[in-house]
There are 2 protein chains.
Amino acid sequence: MNMAIYSGIMSPYSIPSSNVDHSSNQPAEWELAVIDLFINAAQSAGLPKSLGQIYGLLFCRDDALAMDEIIQLLSISKGSASQGLRSLRQLGAVNSQYARGDRKERFVAEIRLRKLVAGFLKEQAEPHMEKGITRLEHLRELLSEEEDGDSKARGKRRETILSSWHRQMGRILPWVKMIVGKSDKLPK
Amino acid sequence: MNMAIYSGIMSPYSIPSSNVDHSSNQPAEWELAVIDLFINAAQSAGLPKSLGQIYGLLFCRDDALAMDEIIQLLSISKGSASQGLRSLRQLGAVNSQYARGDRKERFVAEIRLRKLVAGFLKEQAEPHMEKGITRLEHLRELLSEEEDGDSKARGKRRETILSSWHRQMGRILPWVKMIVGKSDKLPK
DNA sequence: CATGTTGTTCAAGTTTTTTTGAACAAAATG
DNA sequence: CATTTTGTTCAAAAAAACTTGAACAACATG
């Protein structure tokens with residue numbers, strides 16, 4: 001860690017006045033508001049709070065942050081930070097860098113909405129569509145085993161509806177990506 | 001509970017034997033599979049399991065079901081049924097009917113995907129977009145109070161990005177409705 | 001208006017999800 | 001290769017979400 005800064009003779013809390021320590025600046029009020037905004041966004045997207053928190057912090061900063069800085073700034077545990085960052089990376093919401101001569105991995109937020117949406121769809125929506133196919137097949141199997149009668153006929157009608165829904169939902173995803181993709185560069 | 005059905009003495013509410021009691025038919029195997037499918041769909045949309053369960057059951061049936069039938073068929077509590085049905089109605093996923101001369105409210109599933117998606121967006125997505133506006137305003141306020149400097153400038157850049165995202169997300173919703181709206185009648 | 005039926009509410013119980021932190025692994029350093 | 005730094009894992013604790021059921025409200029019926 002930053003032994004040079006915190007250990008030794010210097011009192012633990014003294015900050016070299018000439019050298020502002022960007023990384024452990026406590027979040028400004030507006031940053032806390034942004035973090036809060038992302039906490040809410042995450043939760044409404046069915047993602048854990050800590051994901052929103054971490055992403056929000058990184059979103060606010062210009063410089064990449066290391067894990068220990070994130071832990072300190074957000075007062076979260078090592079475990080949450082590690083797992084949270086892994087999920088965010090998987091979602092494509094965070095990218096990591098290695099500064100040369102530095103052992104720490106540092107993280108920056110992906111701020112292109114297109115990428116964020118694409119990652120979310122790929123990780124969240126697509127798996128469900130996949131699972132949907134399997135389930136529909138299972139349903140067809142069960143129906144084929146059913147003895148002829150009202151129930152079976154009714155089941156077949158339902159299977160038709162579900163297939164149609166599945167098809168239509170599948171159509172939406174590419175469109176969403178496309179619409180968000182447009183004007184990714186901030187318009188003015 | 002269904003005293004009328006199960007106890008012999010009270011005749012007024014007994015059901016004529018010639019009339020098959022559709023409503024308390026235990027779900028067929030394929031129906032259980034459909035219910036399970038909706039349980040999963042609900043959970044992946046961030047809705048409670050019981051919503052999926054109830055909707056799934058109604059989706060399978062041609063005839064409207066009363067609350068006590070739902071409770072019996074799914075083995076859930078009165079409370080869950082009542083609250084679940086309320087949420088489903090609010091989402092526009094279920095409609096209720098009153099048969100003449102019957103005190104019970106009976107429920108049927110809305111199966112037009114267009115309506116389902118519209119209801120979901122209206123109840124889930126739109127509120128978040130609204131809240132987003134408020135939060136962005138709050139952020140602007142905080143920033144206007146901030147003293148000039150790097151932090152404020154950075155905050156303003158972030159505010160610009162968030163506004164742009166908000167605008168773009170707002171654009172998606174109508175499109176989704178439109179795309180799903182098309183070919184609502186099952187193609188083929 | 002007493003009674004039985006239907007539906008709602010909400011505190012308490014249950015289940016599920018998320019977070020924590022200590023133990024462990026990996027990798028750089030001297 | 002012993003030590004220090006960095007990062008992961010996972011069992012247990014904490015928190016959040018969901019379900020239950022008993023008490024209550026509303027209302028029709030006789």
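All chains are named by letter (A, B, ...) in the order of the sequence lines, taking the proteins before the strands, and each is independently numbered beginning at 1.
- Partners of B:Lys177 by side chain to side chain donor-acceptor pair (under 3.5 Å), not counting sequence neighbours, listed by chain and number: B:Glu126.
- In this structure, a donor-acceptor pair under 3.5 Å is present between the side chains of B:Ser163 and B:Glu159.
- When the P atom of C:dT6 is taken as reference, atom CD of B:Gln72 falls 14 Å away, rounded to whole Å.
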Nucleotide N/O of nucleotides 13-22 of chain D paired with protein N/O under 3.5 Å:
residue, atom, partner, partner atom, Å
D:dT19, OP1, B:Ser50, N, 3.4
D:dT19, OP2, B:Ser50, OG, 2.9
D:dT20, OP2, B:Ser77, N, 3.0
D:dT20, OP2, B:Ser77, OG, 3.2
D:dT20, OP2, B:Ser80, OG, 3.1

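- Residues A:Glu31 and B:Arg158 are not paired through a salt bridge, judged by the lack of any N-O separation under 4.0 Å between the basic side chain and the carboxylate.
- A:Arg106 has no side-chain polar atom (N or O) that falls below the 4.0 Å cut-off from OP1 or OP2 of D:dG7.
- A:Gln97 has its CD atom 13 Å from the P atom of D:dG7, to the nearest Å.
- On a pure distance criterion of 3.5 Å, no polar donor-acceptor pair joins the side chain of A:Arg103 and the base of D:dT6.
- In this structure, A:Ile71 places its CD1 atom 11 Å from C1' of C:dG21, rounding to the nearest Å.
- OP1 and OP2 of D:dG7 both lie 4.0 Å or more from every side-chain N or O belonging to A:Arg86.
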What side-chain donor-acceptor pairs closer than 3.5 Å can you find for residues 39-52 of chain B, not counting sequence neighbours?
residue, atom, partner, partner atom, Å
B:Asn40, OD1, A:Lys131, NZ, 3.2
B:Asn40, ND2, B:Asp36, O, 3.1
B:Ser44, OG, B:Asn40, O, 3.4
B:Ser44, OG, B:Ala41, O, 3.0

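- Within the structure, ring pair (Phe, Tyr, Trp, His ring centres under 6.0 Å) pairs that include any residue of residues 47-94 of chain B comprise A:Trp165-B:Phe59, B:Phe38-B:Tyr55, B:Phe38-B:Phe59 (at least two apart or interchain).
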Give the table of side-chain donor-acceptor pairs shorter than 3.5 Å for residues 74-86 of chain B, with sequence neighbours excluded, one pair per line with atom names and distance.
residue, atom, partner, partner atom, Å
B:Ser77, OG, B:Ser80, N, 3.2

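- Take A:Phe120 and apply the ring-ring contact (aromatic ring centres under 6.0 Å, His included) test, not counting sequence neighbours, and it matches no residue.
- Going from atom CG of B:Asp68 over to atom P of C:dT5 covers 11 Å, rounded to whole Å.
- The CD atom of B:Glu105 sits 15 Å away from the C1' atom of D:dA28 (whole-angstrom rounding).
- When the P atom of D:dG7 is taken as reference, atom CG of A:Leu88 falls 15 Å away, rounded to whole Å.
- The NZ-C1' distance, from B:Lys104 to C:dT8, rounds to 17 Å in whole Å.
- Look at CE on A:Met67: it is 11 Å from P on D:dT9, rounded to the nearest Å.
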